[in-house]
Each structure stands twice: as structure tokens, then as C-alpha cells.
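Structure first, then comments.
These numbers come from a predicted model, not from an experiment. Order of the sequence lines fixes the chain letters, A, B, ..., with proteins taken first and strands second; residue numbering starts at 1 for each chain.
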Amino acid sequence: MGENDLEIEIENIVASATLGRPIDLSKISKALKSVNFNRKQFPGLVYKLDKPKTAALIFGSGKLVCTGAKSVEDSIKAIKTTVNKIREVDPDIPEDYEIKIQNIVASANLSKPLNLDEIAMTLENTEYEPEQFPGLVYRLDKPKVVLLLFGSGKVVCTGARDPKDAKLGVKKTKERLKELNLI
Amino acid sequence: RLRKWQRKIRISGATERNLAFALSELDRIASRLNLPRTVRETASVIYRDAVKKKLIRGRSIEEVVAAALYAACRKCNVPRTLDEIAEVSGVKKKGVGRTYRFLARKLNIRLPPTSPIDYVPRFASELGLSGKVQSKAIEIIKKAMKKGLTSGRGPTGVAAAALYIASVLLRERRTQREIAEVAGITEVTIRNRYRELTSKLNLGVTF
DNA sequence: AGTTTACTTTGCAAAGC
DNA sequence: GCTTTAAAAAGTAAACT
């Protein structure tokens, strides 16, 4: 029957934005508080915000990366908040700029224990090295995502740029496991 | 052209030098790990295949040699952990693992994960445990596998815990510390594994 | 003995070595 | 390849109580 029980939980979203104008990172690092900036260590300025609990990496080129959001809305909100902070120090930042979701990490539960040894032998495109990591790596082509399958039945899906693909990835994985009687 | 000819000689000379170096490294590491000739031969075949398919680009010879040996050990069921390979090869564990995965993919080497059972004879002999204890440990491991208690767990930890339980059951007890040392894991891991095994399998004993 | 913290794996962007 | 960010899964490790 229509098992719509796949409750996928988004755990992390990576998004990027292009402001189209160079940014003076030194100026920003002096003006903002929760900032870390070591040019020699990493070219980006690390800015952590509390509202949507996220971290942003701001680059001199005018591009930024936002990580840690648990929803697309929060990710966009975090970027806008960050850009507004940059504006307080550096006006002339355009009103319109591109925001792109780059990666979504989601978790799910198949609610059934998994025999990873069997899955590794039967399922295609897998990597399973329990000596190095307890999860089995399964690469899907159709939604181009990567899943980590655990003996507990818990699953992690990463690589999706749209929440729908993360859900589809888990759904197809579940179906494939059923097809192969590996449920 | 003479220049082109000289270039070829130079290149093949370097290639031969690299191969000679790789094979001597392979032998040095294999000796330190007491690996039988079959494993060394398997490893050298894997290494030569890697060279033929030009898989060494961007990787150090040491890394590929270590990964080839690790793969050969698994293929021959004479397992050696990544830690052991890393320790004597001087290559970081992470590098050995990464290169192994790369070689396995490119050379279509598909090896099932090492079974905890494969570690039993080696650990048992280093601990001076009898064949009876080994058989008991293997019996425990098989039960654990059927009940899904080995998925995701490190093979050495499972083997160590099974040997610990078997040694106690057959009155040839070894301490967790002794077993942890030969298995190259911590006492906490042995504790976690044997607690799980004794609680989920009917082994007739409560520790 | 048990606890806490930290690291392993996957995916991704950013600028530069 | 690396550097930095974030977060989940489950196992293992090192350091402490």
C-alpha cells in the first residue's frame, strides 16, 4: 500500500550566493563580532549566526557560502541576514543576487535492520568497508545522490540539490532493497 | 630520431627503476608483516596491473604498494589491518584506505569485507589459545553474523570479543588487555562487543 | 568499568596553494 | 589534493572520572 511513511529529515543545507561585488574582508572582520578570519589558513571569513544557527563563509570576491541550515527557507534567511550585515559595513551591495542550494544532507529510517554484508554482495554501486566506517555507501544515478546505509536501518542521503531528490533517493533505495529481498 | 629514442630509454629506465623500488618496498613490508609468498606474489601482480593501467598518477609508489598489499592480504584471506599496513609502510592509514578503494574500483577487484573469522587463528596463536577455543570463537561469530550483530562493526573487535568469551567459557581465560593488544583495539571496544554478544546470543553465560 | 569528546564516511561551494 | 563550514548515521579511540 502507499507507504508514505518515509519521513525524511533535512539535517544540513549548503548554499552559495554571488553578490557581484568585491568585499573588503578586513573591514568586515573588524566590524562584526562572531567572526574568524585567518587569510593564511583559509581565504574565507567565517561568520557564525545564531538566528538560523548557521555559519557563513564570506570571500573577497563577493561570493559566500552558508552551511548548517535545516530547511531551504532558513538557508535563504541566513544568507539574507548575512548580506544585510555586510551592507551595514559595506553599502553598495546589490539588492538582487543569486542564491543557489548546493547540497542537502538528510536522514531517514527504514525501520528494519539491514544486513550490510548481503547488501554489499547484491546491490550495485556499493562500497562497504566496516574496518573504516560502519556505513555502506550506495551511489544512485537517477537522483544523483549518495546514501549511507547502516545496520540499524537508519539512512543518510547527501548530494541532492532539491529536497525532493533527497526524498526520492531514499524512496528508490528502499524500493531497490525490497526488489532484491534485502529489506 | 635519436632524441626520441633517448627519451624512450630514459622513460623506460625510470619506469624500471620505479618498479624495482616498488617491488623491494613490497618485499620489505611483506617481510615485516610475515606475509607468505603467495600474498607477495598476489600483491606484485596487483601493483603491475596498476602500473599498466597508469593508476599511479597522482599517488606515491609507497601508497600504491601498501594498498596492493592490503588488497592481497584480503584476497588471500590472510588479513592484516589497515593500521598494521600503515605502521610498517609509513603510509597514513587514510591514504592506504583511499588508495585501496581506488585500486579496487579501477582494477575491478571486489573483495567482501574481511570476516572476523579470518582473524581468529592469528589472534589465538599469538595468545596461545587452543583449537577448542578457536572453534568456540568461530561458532560464536557465526551466530553473531546470523543475528546481524556484525554489520558495521570492525571485524577485529568482533573476533577479539568472541575469543574473549570463548577463552572464558573453556577456562583458558585471557584478560581483555591481552586480547586487545594482539587485536590492535582498545579494551573498551572488546567490552562493548562482548556485552552485545552475551546479551543477544544464548551463550549460556552471564559475565 | 563507564563517560566524554573527537575522529572516520558521504556530498558541496568558496579562493588559492 | 589541502585548507574551512555544517550535520546525520554508528563504531572506535583516547583521555578522564
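A straight line from CZ of F150(A) to C1' of dA9(D) spans 3 Å, rounded to a whole angstrom. Note: CG (L82(B)) to C1' (dG11(D)) measures 15 Å, nearest angstrom. Summarising the geometry, the separation between CG on L149(B) and P on dG11(D) is reported as 10 Å, rounded to the nearest angstrom. Regarding I79(A), its CD1 atom lies at a distance of 18 Å from the P atom of dT5(D), rounded to whole Å. Atom CG of L136(A) is separated from atom C1' of dG11(D) by 15 Å (rounded to the nearest Å). One can place NZ of K112(A) at 20 Å from C1' of dA9(D), the figure rounded to the nearest angstrom. To the nearest angstrom, P of dG11(D) lies 14 Å from CG of L149(A). Regarding K94(B), its NZ atom lies at a distance of 20 Å from the P atom of dT12(D), rounded to whole Å.
Contact detail for P143(A) and K172(A): the closest heavy-atom pair is CD-CD, 3.9 Å.
Note on E131(A): nothing from the nucleic acid sits closer than 4.0 angstrom, heavy atoms only. Across all strands shown, R191(B) has heavy atoms under 4.0 Å from base atoms, whether or not it also approaches the sugar-phosphate. Within 4.0 Å (heavy atoms only), T54(A) reaches no atom of the nucleic acid at all. Base engagement by V14(A) is indicated by at least one non-hydrogen atom pair under 4.0 Å involving a base atom. Counting any heavy atom pair closer than 4.0 Å across all strands shown, T158(A) reaches a base atom. Heavy atoms of K48(A) sit under 4.0 angstrom from primed sugar atoms or phosphate atoms, though from no base atom. Among the protein residues, R193(B) comes within range of the sugar-phosphate backbone only, with heavy atoms under 4.0 Å from sugar or phosphate atoms but none that close to a base. Residue G44(A) is classed as having no contact, given no heavy-atom separation below 4.0 Å to the nucleic acid. Among the atoms of the strands shown, only primed sugar atoms or phosphate atoms (P, OP1, OP2) are found under 4.0 Å from some heavy atom of G184(B). In this structure, G154(B) reaches the sugar-phosphate backbone alone: every heavy-atom distance under 4.0 Å involves primed, P, OP1 or OP2 atoms, never a base. Heavy atoms of I10(A) sit nowhere under 4.0 angstrom from any nucleic acid atom.
Tested against Y100(B) for a side chain to side chain contact (heavy atoms under 4.5 Å, CB included), the candidates L111(B), V64(B), L69(B), L82(B) yield a single pass: L111(B).
Put simply, chain A comes within 4.0 Å of DNA chain C, heavy atom to any atom, from dT8(C) to dA15(C), going 5' to 3'.
The side chain of R98(B) approaches dC2(D) more closely than any other nucleotide in the set dA13(D), dA6(D), dC2(D).
The structure places CD1 of I101(A) at 6.5 Å from CD1 of I79(A), a figure rounded to the nearest 0.5 Å. With values rounded to the nearest 0.5 angstrom, T81(A) atom OG1 is found 11.5 Å from I76(A) atom CD1.
Toward the 5′ end of DNA chain D lies the nearest nucleotide of A55(A), the other residue of the pair G157(B) and A55(A) mapping further downstream. Of the residues near DNA chain C, N12(A) and G60(A), the one whose nearest nucleotide (by heavy atom distance) lies more toward the 5' end is N12(A).
With respect to the salt-bridge test (charged N to carboxylate O, under 4.0 angstrom), the residues E172(B) and K136(B) do not qualify. The residues E84(B) and R122(B) are annotated as salt-bridged, a charged nitrogen and a carboxylate oxygen being separated by less than 4.0 angstrom. Between K70(A) and E11(A) there is a salt bridge, with a side-chain nitrogen of the basic residue lying less than 4.0 Å from a carboxylate oxygen of the acidic one. Salt bridge present: K200(B) and E196(B) bring a charged side-chain N and a carboxylate O closer than 4.0 Å. One finds a salt bridge joining E179(A) and R176(A) here, because a Lys/Arg side-chain nitrogen approaches an Asp/Glu carboxylate oxygen to under 4.0 Å.
The pairing partner recorded for dA6(D) is none, the criterion being a Watson-Crick or G-U wobble arrangement whose two distances lie under 3.5 angstrom. Checking dT5(C) for Watson-Crick or G-U wobble geometry (two distances, each under 3.5 Å) identifies dA13(D) as its partner.
The phosphate of dA13(D) (OP1 or OP2) has a side-chain N or O of T189(B) nearer than 4.0 angstrom. Distances shorter than 4.0 Å separate none of the side-chain N or O atoms of S107(A) from OP1 or OP2 on dA9(D). Taking side-chain N and O atoms only, K154(A) has a distance below 4.0 Å to OP1 or OP2 of dA10(D).
Between dA9(D) and dA1(C), the two C1' atoms lie 27 Å apart (nearest whole Å). Comparing dT3(C) with dA7(D), their P atoms sit 25 Å apart, to the nearest whole Å. Spacing between dC2(D) and dT8(C) at atom P, rounded to whole Å, works out to 11 Å. Comparing dA8(D) with dA13(C), their P atoms sit 22 Å apart, to the nearest whole Å.
Taking N84(A) as the reference, R87(A) meet the side-chain hydrogen bond (donor to acceptor under 3.5 Å, both in side chains) condition, with sequence neighbours excluded.
The stretch residues 25-41 of chain A touches DNA chain D through Q41(A), each having a heavy atom under 4.0 angstrom from the strand.
For the pair R80(B) and Y70(B), the cation-pi criterion (under 6.0 Å, within 45° of the ring axis) is not fulfilled.
Looking at heavy atoms from C-beta onward, Q134(B) lies in side-chain contact with P121(B) at the 4.5 angstrom threshold.
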